[in-house]
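By convention in this document, chain letters (A, B, ...) are assigned in the order of the sequence lines, proteins followed by strands, and residues within each chain are numbered from 1.
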Amino acid sequence: MSPPEEKDPLDVLLREQSAYVNDDGFTGRVIAKLPRRRRTWLQPVLLLGATAIGSTLALWWLPWESLPPLDASAVLSLNSQVLWPWMMVLLVAGSLVWAALAAIQWDD
Amino acid sequence: MTDGDLIARVLSREDQHAFAELVRRYQSPVRTFLARMARGDAHLADDLAQETFLKAWRKLHTYRGTARFSTWLFGIAYNKFRSVARQRKELALEDVDDAPVEAAQSATASRNELRLDLTEALKQLHSSERAAIVLCCQNGLSHEEASQVLDCPLGTVKTNVLRGKEKLKRRLIGYQDYEST
């Protein structure tokens, strides 16, 4: 950690020049300007809550009974009547997972 | 209490007393560094230092502890300076001409005169050379730490320190006599 070329007289001069600066109220001014205590837990909790509610509603309202059966032949034939409803389900589920992960990893 | 303890208290409880202690510890080097970068403008330096500590408060959770806390703070301070320097011509990065510092006309300058002249000579350096010298030679940062602060390659820092010191020696008329004593 020692500075390079310690024996250089210029280094000695430079070192001597770095005098301590008195605080003179500087710290007080900084502390007075600090933002109010943030409720950092509030936003992720809200997001997590909204995700939980969204998941419940999705489970409740999605027309699970009327979803066409998803099998390999339907996927391979790219049957849109089968694929579209399942893609919508995946989209809703993906959004909910993403929101849950964002809430867990919240970092303002 | 170590810096790490204080940082942990700030992060866990947003303890303003702990943060105040950190500010007290580092206000002097940060303000001095910024005053040198601002070519002696103490008001600007204090404004930038205040912004530096306020940003440190907001971003403390991003401090990973891999570098010294002071190194991390100097990095914020230097970025603050750079963003202001982009808008203010008087802080432009350009070198002032290579004429020797006028105050040191005496061939045998005293130590005090040399110190005063050194302040002037530092102001005339290119800001990247000045930053490298102030960090490495006045604040005891290693070249590696300075390269982190200045966000530039290690070789560039070493070159800036060497080149800056050569310029300082050239500009300080009485330096040759001082060096030989």
Problem set entry | Check: B:S28 main-chain N/O paired with B:T32 side-chain donor or acceptor under 3.5 Å |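 Indeed, once roles are kept as given, a pair shorter than 3.5 Å links the two residues.
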Exercise. Is a side-chain donor or acceptor of B:Q138 paired with a backbone partner of A:L14 at a separation under 3.5 angstrom?
Worked result: yes
For this session: Anything under 30° is parallel, anything over 60° is perpendicular, the rest tilted; go ahead and classify B:F74 against B:F33.
Result: perpendicular
Pick one of side chain, backbone, both or neither for [X], based on which atoms fall under 4.5 Å of a heavy atom in chain A.
{"X": "B:L135", "answer": "neither"}
{"X": "B:I133", "answer": "side chain"}
{"X": "B:R24", "answer": "both"}
{"X": "B:A49", "answer": "both"}

Seminar exercise, completed: Heavy-atom nearest pair, B:A131 first then B:Y78, reads CB-CE1, 3.8 Å
